[in-house]
Protein chains: 2
Amino acid sequence: MTPPAPNACGMDDRLDTVFAALADPTRRVILAMLLEDDMAVTDVAEPFEMSLAAISKHLAILTRAGLISQEKRGRVKWCKLEPDALRDASIWMQGFGQFEAVNLDAFERFLEAELAAEPPPAPPP
Amino acid sequence: MTPPAPNACGMDDRLDTVFAALADPTRRVILAMLLEDDMAVTDVAEPFEMSLAAISKHLAILTRAGLISQEKRGRVKWCKLEPDALRDASIWMQGFGQFEAVNLDAFERFLEAELAAEPPPAPPP
DNA sequence: GCGATATTCAACCAAACGGTTGACGATGAC
DNA sequence: GTCATCGTCAACCGTTTGGTTGAATATCGC
């Protein structure tokens, strides 16, 4: 069999870091907290029972994955959710990456056609 | 602040294992291979440049995450994609905004339509 | 300048990960 | 029965991960 083209467009490393970042419950909770509002590092750490340094490391991992951005204003560093970084991962999950952009476009057209045809079945509550 | 309810419904451990499983490029390629067809462990391993035992471990991780199932028929163990396991992860990601949850049903119909259109490259029987 | 606050850095630790090799238990072919 | 094939297990190895602590670096308020 042909080698399974593991990194067709360089997106693979990105997916590595994004999925790895999402694999930790602390980091997922942090993302959920940032969904409500931007927060300073100290405030992010406050509800957790671990050291500030540990939270700082988690935030660095989230930043490297592109899932948040950090901006220092004065002596406090503000953390901001960057939900766009989830998009690639979401797209991968739809197509498992191996169906190149061409097919994804086709899939989108397919979805549009479907939505035009049927009334959508009201997603589960 | 209130403790950030890290595991509201017990889905958290599930998400841990699913995202961790997806964080490895080898495993993502395996999932993509299984998207085309069920495969025996040996056939899954064939295109990779690592030992069969390593692939066996990867498959065990994917199985523990619920992303595939394995059924032994005779002396060959068949691996089958279980895309439903992606649903929880997708729903979690959906909480972060603008992307839709994976529409697996639509994606499967799309794949069937595509496979009916083109002659497939004949995966191993 | 001085002390308090905010954050990271550095060194360390235990545990998990991703890989190897070799032995092993099933199963199928003959 | 014998032999090859399929797949896992067990032990090992180096690296990464998730956490700790304590020192260091900015920055703010005074």
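The chains referred to below are lettered A, B, ... by the order of the sequence lines, with proteins before strands, and numbering in each begins at 1. Computation of the quantities below employed the complete heavy-atom set of this structure, encompassing side-chain atoms and omitting hydrogens, waters and symmetry-equivalent molecules.
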**Student:** Given dA26(C), is OP1 or OP2 found less than 4.0 Å from the side-chain N or O atoms of Lys72(B)?
**Tutor:** no
**Student:** I want to confirm an ordering. Mapping Arg75(A) and Leu59(A) to their closest nucleotides on DNA chain C, which one lands closer to the 5' end?
**Tutor:** Arg75(A)
**Student:** Leu62(A) CG to dT7(C) P: how many Å, rounded?
**Tutor:** 15 Å
**Student:** Separation of Asp13(B) atom CG from dA16(C) atom C1', in whole Å?
**Tutor:**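 After rounding, the reported distance stands at 16 Å.
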**Student:** Counting the atoms with a prime plus P, OP1 and OP2 as sugar-phosphate, which does Ile61(B) contact under 4.0 Å by heavy atoms, base, sugar-phosphate, or nothing?
**Tutor:** sugar-phosphate
**Student:** Could you check how far CZ of Phe19(B) sits from P of dG18(D), rounded to whole Å?
**Tutor:** 15 Å
**Student:** In terms of the nearest nucleotide of DNA chain D, which residue is placed more toward the 5' end: Ala54(A) or Lys77(B)?
**Tutor:** Lys77(B)
**Student:** Do Arg14(A) and Phe19(A) come within less than 4.5 Å of each other through their side chains, counting heavy atoms only?
**Tutor:**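 Side-chain contact under 4.5 Å: no.
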**Student:** Do Lys57(A) and dG19(D) have a side chain to base donor-acceptor pair shorter than 3.5 Å?
**Tutor:**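 Looking at the base of dG19(D), it does pair with a donor or acceptor on the side chain of Lys57(A) (distance under 3.5 Å).
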**Student:** Taking the side chain of Ser51(B) as heavy atoms from C-beta outward, which of dT21(C), dG18(D), dC6(D) is closest to it?
**Tutor:** dT21(C)
**Student:** Can you tell me how far C1' of dG7(D) sits from CD of Glu71(B), to the nearest Å?
**Tutor:**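 These atoms are roughly 15 Å apart.
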**Student:** Identify whether any heavy atom of Ala53(A) sits under 4.0 Å from a base atom; if not, whether one sits that close to sugar-phosphate; answer base, sugar-phosphate or nothing.
**Tutor:** base
**Student:** Is there a continuous path of hydrophobic side-chain contacts, each under 4.5 Å between heavy atoms, that joins Leu35(A) to Val44(A)?
**Tutor:**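 Leu35(A) clusters together with Val44(A).
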**Student:** When the distance from CG of Asp16(B) to C1' of dA16(C) is rounded to whole Å, what number comes out?
**Tutor:** 13 Å
**Student:** I want to verify a distance call: between dG7(D), dG18(C), dT20(C), whose nearest atom is closest to the Leu52(B) side chain?
**Tutor:** dG7(D)
**Student:** Is Ser56(B) near enough to dT8(D) that one of its side-chain N or O atoms lies under 4.0 angstrom from OP1 or OP2?
**Tutor:**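 Yes, within the criterion.
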**Student:** Which nucleotide, dT20(C), dT8(C), dA6(C), lies nearest any side-chain atom of Gln70(A)?
**Tutor:**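 Output: dT8(C).
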**Student:** Does the side chain of Asp38(A) reach to within under 4.5 Å of the side chain of Lys80(A), using non-hydrogen atoms?
**Tutor:** yes
**Student:** So, OP1 or OP2 of dG19(C): does either fall under 4.0 Å of a side-chain N or O from His58(B)?
**Tutor:**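 Indeed, a polar side-chain atom of His58(B) lies that close.
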**Student:** How many whole angstroms separate atom CD of Glu46(B) from atom P of dC6(D)?
**Tutor:**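 Rounding to the nearest Å, CD of Glu46(B) and P of dC6(D) are 12 Å apart.
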**Student:** Heavy-atom distance under 4.5 Å between the side chains of Cys79(B) and Leu59(B), does that happen here?
**Tutor:** yes
**Student:** Could you check how far CD1 of Ile55(B) sits from P of dC17(C), rounded to whole Å?
**Tutor:**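 From Ile55(B) CD1 to dC17(C) P: 17 Å.
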**Student:** Are any of the side-chain heavy atoms of Val76(A) and Val41(A) separated by less than 4.5 Å?
**Tutor:**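 No, too far: nothing below the 4.5 Å cut-off.
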**Student:** Send over the distance from Arg73(B) CZ to dG7(D) C1', rounded to a whole Å.
**Tutor:** 16 Å
**Student:** When you compare the side chain of Leu22(B) with that of Leu31(B), does any pair of heavy atoms fall below 4.5 Å?
**Tutor:** yes
**Student:** For Arg27(A), which contact category applies under a 4.0 Å heavy-atom criterion: base, sugar-phosphate, or nothing?
**Tutor:** sugar-phosphate
**Student:** Look at the side chain of Met50(A) and decide which nucleotide, out of dG19(D), dG19(C), dC9(D), has an atom nearest to it.
**Tutor:**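 Looking only at heavy atoms from C-beta outward on Met50(A), the closest nucleotide is dG19(D).
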